Amino acid sequence: MSTSKIRLIFADDHALVREGLKLLLATIDGLELVGEAGDGPSLVDLLAQCPADILVLDLGMPGLRGLPDVRALRVRYPHLKILILTANGEPRTVDAALKAGADGYLIKSGDLGELPEALDALRRGESYVSAALRPLLALQAHGTPSAESDFAVASPVPLTRRERELLVLIARGATARDVAARLGISPLTARKHRENLMRKLDLHSAAELAAFAVRLGLPVG
């Protein structure tokens, strides 16, 4: 995406939610709200008429088939970033949405203060999942550890003490700003460290990093 304002559309069938989102989005620099939709057909028409960079989408809207439509949007608009904002926090649904082509997933019952962080991540070409969902996704991916199982394993890639500390912070849902404050570095450096760690481990999202941390038996709780 270019350095000009990010063009954003959001789709939700609740008018009060849309009004609240408009107020929140108005506080975020570099964004331009170019349209809103309250149902599936309206969203299809809007996207055809109004090019956008990011779509904030509620999966439960009338006239929307859910994940099949996410897959269809990904094919039709390959450069569109799709951020799911919905009430469904079931780990299997989150995982399926990301596999269907969503770039991020936020739950309405979580901290909507995460929205700016999520949009910022999407603008940088990264994925984003609500901090509250990351431990659940990690447990789904690897199972719940038990006293009978040797759950903690050695990392297949050697990690430094700082890298393990960074991994724990990310798994606990820390943002780049949180990591920067904790480690005494700038947010830009924190993002670069996270990118380097993901590249080193061949992982591609905060959820995958959280799952990896749980697999290692690191103290992410």
Side-chain angles (χ1 to χ4, degrees), residues 1 28 54 56 81-86 88-145 150-221:
M1 290 182 285
I28 304 174
I54 296 178
V56 179
K81 302 296 184 181
I82 302 174
L83 175 63
I84 304 298
L85 176 61
T86 187
N88 188 344
E90 169 61 40
R92 291 182 181 179
T93 302
V94 180
D95 185 58
L98 296 175
K99 289 179 179 177
D103 299 282
Y105 200 106
L106 294 178
I107 50 173
K108 291 179 178 178
S109 61
D111 180 7
L112 281 185
E114 285 188 287
L115 181 59
E117 182 78 12
L119 293 175
D120 193 40
L122 265 60
R123 284 195 280 190
R124 298 193 306 270
E126 302 173 5
S127 62
Y128 191 93
V129 175
S130 283
L133 295 175
R134 294 171 198 167
L136 299 178
L137 291 174
L139 290 178
Q140 174 182 281
H142 297 290
T144 304
D150 183 15
F151 189 69
V153 299
S155 172
V157 179
L159 296 176
T160 65
R161 180 190 61 79
R162 176 53 65 90
E163 286 172 338
R164 284 177 175 267
E165 185 177 6
L166 177 62
L167 186 57
V168 168
L169 289 173
I170 294 173
R172 289 176 175 175
T175 65
R177 293 184 182 87
D178 296 332
V179 171
R182 179 66 179 268
L183 300 183
I185 56 179
S186 71
L188 182 61
T189 300
R191 293 190 186 101
K192 178 58 66 175
H193 285 339
R194 180 174 65 179
E195 291 170 3
N196 291 340
L197 182 60
M198 292 172 71
R199 188 179 303 110
K200 180 175 182 177
L201 297 174
D202 193 24
L203 300 176
H204 308 95
S205 69
E208 290 184 0
L209 286 172
F212 186 81
V214 171
R215 180 63 176 163
L216 293 184
L218 297 177
V220 300

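Note that this is a predicted model, so its numbers are computed, not measured.
- For Glu163, the salt bridge (Lys or Arg N to Asp or Glu O under 4.0 Å) partners at least two apart in sequence or on another chain are Lys200.
- Contact check for Thr86 versus Thr93: no side-chain heavy atoms found under the 4.5 Å cut-off.
- The shortest distance between side-chain heavy atoms of Leu106 and Tyr128 falls below 4.5 Å.
- Taking Asp178 as the reference, Ala174, Thr175 meet the side-chain contact (heavy atoms from CB on, under 4.5 Å) condition, with sequence neighbours excluded.
- Taken from CG in Leu209 to CG in Leu169, the straight-line distance is 11.5 Å, to the nearest 0.5 Å.
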Validation: residues 181-190 side-chain donor-acceptor distances under 3.5 Å, sequence neighbours left out:
residue : atom : partner : partner atom : Å
Ser186  : OG   : Thr189  : N            : 3.1
Ser186  : OG   : Thr189  : OG1          : 2.9

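- A distance of 10.0 Å separates CD in Glu117 from CG in Leu119, rounded to the nearest 0.5 Å.
- The salt bridge (charged side-chain N to carboxylate O under 4.0 Å, His left out) analysis of residues 99-110, with sequence neighbours excluded, yields the pairs Asp12-Lys108, Asp58-Lys108, Arg74-Asp103, Asp95-Lys99.
- Residues passing the salt bridge (Lys or Arg N to Asp or Glu O under 4.0 Å) test with Arg199: none are found, sequence neighbours excluded.
- Closest non-hydrogen pair, Tyr105 versus Val94, comes out as CE2-CG2, 3.6 Å.
- In terms of heavy atoms, Ile28 sits closest to Pro116 at CD1-CG, 3.8 Å.
- A pairwise comparison of heavy atoms in Gly125 and Lys81 identifies CA-NZ, 4.2 Å as the closest pair.
- Applying the salt bridge (Lys or Arg N to Asp or Glu O under 4.0 Å) rule to Glu195 yields the partners Lys192; only residues at least two apart in sequence or on another chain are considered.
- The two residues Ala102 and Ile84 come nearest to each other via the heavy atoms CB-CG1, 3.8 Å.
- To the nearest 0.5 Å, the span separating CZ on Arg172 from CG on Leu167 amounts to 11.0 Å.
- Applying the side chain to side chain donor-acceptor pair (under 3.5 Å) rule to Asp120 yields the partners Arg124, Arg191; only residues at least two apart in sequence or on another chain are considered.
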